Each structure stands twice: as structure tokens, then as C-alpha cells.
Amino acid sequence: MNIISILTVLLVCQDVFADEGMWMVQSIDRALEKKMQERGLKLAVSEIYNADAEGATLADAIVSLDFGCTGSLISDQGLVITNHHCAYCDVHALSTLDRNYLENGFWARSAAEEQHIPNKNAYLLKRVIDVTEEAEAYIAEYARCHRKSQVNGAGRFAGQQGECSMRKLSAVLERRWKEKTGMEAWLYSMWKGSRYYIALYEVYSDLRLVAAPPVSASAFGGDIDNWEWPQHKCDFAMYRIYTAPDGSPASYSPDNVPMKSPTHLKISTDGYQEGDFTMILGYPGRTDRYSNAFETDFEINRKLPVCNRLRGEQMRIINGWMNQDEKIRLQYADYYFSLSNVQELQDGEVKCSKRFNVLDIKEDTDRELQEWIESDPGRKARWGNLLETIGKKYEATQEIERNINYYRETLIRGVRFNRILFRIRSLREEVLQANGITPKRRFELKDGTDPVETEACRTIRFKGKELTSTMRMIQDQYASFDLRVEKDLFHYALEEFYRNVSPEYWGTYQQELHERFTDKSFHATELADWLWQKSYITDQERFKSFLAEEHTIDEYFADPMFRFFNDIDITTFTLKLMKVEGMPKINRLNKEYTQALYRMRVDKGIPVYPDANSSMRLTYGTVGGIEPWDAVIKNWFTTTDGILEKHDSSRYEFRLDERQKVLYETRDWGRWDCGNGRMQVNFMTDNDITGGNSGSPVLNAEGKLIGLAFDGNKESLASELHYVEGYNKCICVDIRFILWTLDQYAHLDRILNELGY
């Protein structure tokens, strides 16, 4: 009996996980179809996804926007709808202080005004193919060709030298299928190598922005309301896909034409009620629900608390400056938006994991798995010491991992001006090439030592301002941030680095500076100020003067700020980690764990779906509210009344422009009236979603569009690790509120006409 047949039996027998699951669209079998139909679905599974169907299916209207968000085709002219926060960086990139589309909205009132977005792609899924046998055959052949001696007494996990990496496997199979079909091919590993699938896509690279409301509508409530319920956001944006005149995918050209969509979603303005069936198709990015207790403990008790604390303080610093200066707000809007979204998500993950005892649940699962392994000689031979080995590895590496975490969050990610330092490192190659020094002429051997750079390389004098490509990139970096903000972030990063990263990992120069600024105690602020004042990098005028003069590469690299950041890199830590970790690697052990857990659940008749990995998935559920705490009951929808109740012109996150306020107060909903003279704004379902589902269409029982998924609730933030029944909710924006905004606020009649209104 094959895996699909087993799952068919399992799903008939099991009800406990009825609404949990991000199901692979190509594996929606009769049992799952029946379960959804019992919940209210009025479609056959073949109308959702069927690569062999003559007509179009719902899946044919779903696009991935570079596998970061999901969008939907909603007209026969290539119009795509998604979330505003998925378009945020594009709107930000188009904005200036004079034309601030974030604050004022972007509305293309003609086709000519639709703005091309460079490097934006839409992926349309054409087919998913099970290639497990092909993948396993290649892996076996690779092992035969690369097998090496593994004699060190560690049993099955002794070595990985001959193991085919996922990167290598993907490169080979994706190339094969691309050559065979002419389409973009992506390989997906499910259950960490238990099954393999190739997804074939058509890729469209000419996307143009059509509509985006102001952040006072799309992000009303800002970070304060993020992950909360109730919310009141009009979180949508629209792009259009353009093609070559013959309809084929093409790079941007003024001669391109709007895509003739093979199909598109139908919109329903009939509304919905509590208990109504809902279905979401999209591209959820990542979950780790097959993680073991040791991995979970590392995430929620060791790694994330550090990240959350440091990022929270960085957000406080940035937000303080943004509230003082509109120019800084625009400069940092996109960065702050992404920073705060991740920080709040991960902070909630820690809190919810503890509230819902996720670690205890994982430990129970580990014990159950160990018992299952012990009950069979074959399983015991393969996995008998797996959990014990994993536990020892995490214990052995926790200290080095703590140091790596602090290093990444301070000197790598904690400040943005260090991007300039990365560009300065590339000066060496550009200068050597400009002077005709080939790799063969670059190094010399002395007395059997390691190769050293020749004197000729080190003494070349040049004017940096003449290196146009590098200088242009550096100037672009300067334009993206404010040095006053960066100085405050650097002060914080330096202090946290010295306080938390063990001295054994400090570079020679970092140790020297620490000693220089230490008498009875270490003066981090004085050191940070000294570095900032001495560096030519931290002042644009000093930088320009330095570029205008002749210097050698060594003189560029002698800058104290450059030396401080360049004194160590991640290799310093990873070499130590490799030594401490030994073989087998933790990642390899976790892969074995997932495969064992997967097989145990199939063996025990428990429904299984793979972790999210940016492949197309289906999730189904119903409209409904939530009881987040004892005796606290929250309704399943919000209205514009809540926007007016929250409105506060003195708080950036809750301000409205005058037109919004008047329109909400007037309550003229026209043809978009939701009943009782109210306009519904957001609603809640229990669909199982995660990052990547942003912008996914929320469909009713007939497969018609009733809204867009844009957020989860605070109680659901442990869902990357574990699904908590009754608390995992999906927050959606009502399609009628979107249409009303296009109509009454934006007066974008041409788009409404295109949609048939």
C-alpha cells in the first residue's frame, strides 16, 4: 500500500486534526475532499487543483510573489491582488518626500501610470510531480561514487562526506526538468527527504504597481495592533502582470501588454456568517512542527530571547528618531517595518510556546517516538540512539551558539552602515583588476609559508572617487540611512558585543581597544565615540575628502571602524562550532528525527502533512471568533466604527487623513453595504496559515473571493512549532471594504470597471 493510499484511510478515520494542516494541493485525496465538503465546501477537488484538467482550476489563479507573499489573479487583464505589506518595500522605493506614496497612497489612474517594479516576479504553478524515486536513485548513485571510510565508532551517523546535499540534488533535478519542460522547476523535499516533488512554474518578470492605499488605511494601528485582535486594516495592494505581445512571459519592455489571464478568481460581495466554510490557497513559507524537544528548547529558551531583546531596543532607538524627523521616517520605514514584524512574531512565539506548554508537548512526543523505535528491531538499529545523540549535541554546542547569536545580532545585523564596510572590502578586487594584476601575479611564496600578497598589490595608489561602480553603491547606502541613527545603533551594538561575546572570540584589535578603554571598568561609550570620530566612513564629508586623495588599499583598510568590524567574521565562530559539534551534524540528526516521526505517525494512523516550505498549500476552516482567555470572548468581525473609536491624531499609528475620517463618519457604503448600515473591515477564521500566506485569497464554499489573509492572532504565534487547536486564527480583510476604498476613497473607476462593477 503506497503513502497516498495510507493517507486516504487515515483521513477517513481521524477527526482530531480536522482543521489543522497545510495540505499539498497535488495530494488532496477523496478523504480530504469529503471532510471539506462536510464542512461546507461546494466544489469538487478537481476544481481546486488538477494539472490534467482541460479547464482552469482555482490553483491556476494563485501566484507566488517571489515566494515571499501570495497573490491572486482577479481579472482577465493580469490584475493581481495581494496585501499592502507585501508591496510595502515597492511603495517605499517609489516614494520621496515630495511624492510619498506610503503616506498618501498610490493610485494609477491610467495604464501609463502603472509603475514597473524591478526584480519583481510572479510564479504561476502549472504542475507538481512526485520525483521521489528519481531523487532517491540519484542520491544512491551519488553515495556510491563518493563513499568514503566511516570508521569512527558512531554507527549510522558516523560521517556525511558522501552524502548528497539538498543543494546538489536540487541543482541536478531542477536542471533536468527545466530542460525537459521548458518551465522553471523547483525541487521540494517533504518531511526532510521522505518524499520529493518538482513544481513547474511559468515566471512573469514584468510586474507593475497599480494601487496601494495610504498606510493610515492599510496599516491602521501599526505595530501596536500587529498580531492583535480586533484589527482594522485595509491591507491590500494591486499589481498587473505584463507579457510580450504574443502572451509569453517577458522581461520589462514598454511594448509589453497586460497579461491575458488564463483564469481569475470570481469576487463575492454577498458576505459571510459565523460558521461559514473558508478555504485558503497560498504559499506558506516555513514551519517546524516536526522539531524535537531539544531543538525547540534551543529556539524558545536560548536563541529567540536574545534576538527579541536586542531587536526590541534597536526598534526603540529607530522609532525615537522616526518620531522626530519625517525624512528619517521615510528612510527607515521599510527597514523598521520588517524589523518590527519579525521581532513581534518571535517574541510572541516564545510567549505562546510557554503559555501552551509546547516544550512539554514536544518532550511527550519524543518519549512516544522512542517507545515506537524500541518496539521494532529494525527501527532500533537505525534510530535507537538518535534522541540521546541529539541531546548531547545541543548541550555541547549551546555556549558557542550563544556567542554566535550575539555576534550576529550586534556587529552583523545590529547596524546598517556596516554595509558600506562590505563595499570597501570589494575595493581590493576592483583596484587590482584596473591595474591588470591577475590572480597569478597577486601572491608570492616566502620560505615555505602561506602565500602573501605582493608588495606591488599593497602599494598601488588610487583615488577612490574614480572607482565609479563601487562608489555608486556606497553612495546609495549612505542615502538609505541617517548617520545619527546609525551612531546610536552602533553604540548599543558595541556595548552588547563586548558584554556578551566571550573574549576568546574577539579579534586582536578588538582586544587592544577594550584594554585601551578600560581602567577600573570598561568605557563602551567612550570607545564607540572614539571609533566614530576617527573613522572616515562615519561622516560623508570626511568620506568624500578621503576619496579625493590618493591612498593605497592598506590605507583604506587601516580605518579604525573598518578594522573593528573586520577583525573577526563568522568563520571565527563556525570553525569552533564545527570542532565542538563533530560528526554527525545537528542538522543531519534533526533530519533523521523528522523522518522517524513522519513514519511513526503514518504507522499509527495519524494524518500527516509536511512542514511549510513555500510550496502551494491548501488550508480550510470556518469563520469564527476567539476566546483568548477565560471569560474573554472576541467577535469574529470588525467595522469602521472601531476605526473611529481608535482614531487619535496625536498618535502616528492611529491617525486618519481628513477624507478618511469624513467618509467613515458619513457611513455612505453604497453598493458595498454589509448590512445594518455598517461596513465590515476585518474578519477572523481558523484557517491554518503562516508567513508567505500574506495576500492569500480567502475563498467561500463556492471558491469565490471574500477577502485576503493578512495576519495571525497573538495566541497563534507558537504555530511555527506547534498547532494549538482553538487558538490558531487567520485575520482577513473583507473584499467589500477593499472595493469600497477603491470606489469611494480612491475613485479608481477604471479598476472597478475592469472587475465588473
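All figures in this text were calculated on a predicted structure; none of them were measured in a lab.
By the disulfide bond (SG atoms under 2.5 Å apart) test, Cys352 pairs with no residue at all, sequence neighbours left out. Scored by the salt bridge (charged side-chain N to carboxylate O under 4.0 Å, His left out) test, Glu495 finds Arg499 as partners (sequence neighbours excluded). Residues passing the ring pair (Phe, Tyr, Trp, His ring centres under 6.0 Å) test with Tyr407, sequence neighbours excluded: Phe573. With sequence neighbours left out, the disulfide bond (SG atoms under 2.5 Å apart) criterion links Cys69 to Cys86.
Within the 6.0 Å centre-distance limit, the rings of Trp506 and Tyr498 are counted as a close aromatic pair. You'll find the ring centres of Tyr188 and Tyr197 outside the 6.0 Å limit. Aromatic ring centroids of Trp23 and Tyr609 lie under 6.0 Å apart. In this structure, the ring of Trp383 has its center no less than 6.0 angstrom from the ring center of Tyr593.
Between Glu344 and Lys714 there is no salt bridge, since none of the side-chain N atoms of the basic residue sits less than 4.0 Å from a carboxylate O of the acidic one. Between Arg289 and Asp688 there is a salt bridge, with a side-chain nitrogen of the basic residue lying less than 4.0 Å from a carboxylate oxygen of the acidic one. With respect to Arg599 and Asp603, no salt bridge is recorded, no charged nitrogen being found less than 4.0 Å from a carboxylate O. One finds a salt bridge joining Glu496 and Arg309 here, because a Lys/Arg side-chain nitrogen approaches an Asp/Glu carboxylate oxygen to under 4.0 Å. A salt bridge links Glu399 with Arg402: the closest approach of a Lys/Arg side-chain nitrogen to an acidic carboxylate oxygen falls below 4.0 angstrom. Ion pairing between Glu374 and Arg379 fails under the 4.0 Å rule for side-chain N and carboxylate O.
Taking both residues in full, the closest heavy atoms of Leu618 and Val25 are given as N-CG1, 4.1 Å, listed atom of the first, atom of the second, then distance. Residues Asn405 and Cys307 approach most closely at OD1-SG, 3.4 Å, considering heavy atoms. When every heavy atom of Ala59 is checked against every heavy atom of Tyr49, the shortest pair comes out as CB-CD1, 4.0 Å. Across Val733 and Asn682, no two heavy atoms sit closer than the pair CA-ND2, 3.5 Å. When every heavy atom of Gly695 is checked against every heavy atom of Leu708, the shortest pair comes out as O-CD2, 3.9 Å. Residues Lys362 and Ser291 share a closest heavy-atom pair of NZ-OG, 3.1 Å.
Ile198 is not listed as a side-chain neighbour of Trp186, based on a closest heavy-atom distance of 4.5 Å or more. By the 4.5 Å heavy-atom criterion applied to side chains, Arg311 and Leu339 are counted as neighbours. Between Leu386 and Thr389, every side-chain heavy-atom pair lies at or beyond the 4.5 Å cut-off. Residues Tyr394 and Asn590 form a side-chain contact, since some pair of their non-hydrogen atoms from C-beta on lies under 4.5 Å apart. Using a 4.5 Å heavy-atom cutoff, the side chains of Ser218 and Lys233 are not in contact. Using a 4.5 Å cut-off on side-chain heavy atoms (C-beta onward), Ser694 and Thr82 make no contact. Side-chain atoms of Thr685 and Phe683, non-hydrogen and from C-beta on, do get closer than 4.5 Å to each other. Counting heavy atoms from C-beta on, the side chains of Ser716 and Lys729 never come closer than 4.5 Å.
Using the six-membered ring where Trp is involved, Tyr290 and Trp191 have ring planes that are perpendicular, over 60° apart on the 30 and 60° scheme.
Within 6.0 Å of CE in Met166 there are more than 12 heavy atoms belonging to other residues, nucleotides or ligands. Few gaps surround CD on Glu504; more than 12 heavy atoms of other groups in view lie less than 6.0 Å from it.
The backbone N or O of Lys168 sits less than 3.5 Å from a side-chain atom of Ser165, completing a donor-acceptor pair.
The salt bridge (Lys or Arg N to Asp or Glu O under 4.0 Å) with Asp297 is formed by just one residue from the set Lys354, Lys303, Arg302; it is Arg302.
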Donor-acceptor pairs under 3.5 Å, side chain of residues 278-286 to any protein atom, not counting sequence neighbours: which ones?
{"residue": "Thr278", "atom": "OG1", "partner": "Gly621", "partner atom": "O", "Å": "3.3"}
{"residue": "Thr278", "atom": "OG1", "partner": "Asn687", "partner atom": "OD1", "Å": "2.7"}
{"residue": "Arg286", "atom": "NH1", "partner": "Glu720", "partner atom": "OE2", "Å": "2.2"}

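Residue pairs meeting the salt bridge (charged side-chain N to carboxylate O under 4.0 Å, His left out) criterion with at least one partner in residues 614-638, sequence neighbours excluded, do not occur; the list is empty.
Under a cutoff of 6.0 Å and an axis angle of 45°, Arg39 and Tyr620 do not form a cation-pi pair.
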Please report the C-alpha distance between Tyr406 and Phe497 in whole Å, then the side-chain angles of each, then the deciding distance to 0.1 Å, and finally whether the ring pair (Phe, Tyr, Trp, His ring centres under 6.0 Å) criterion is met. CA-CA 7 Å; Tyr406 271 106; Phe497 169 78; 9.8 Å; no

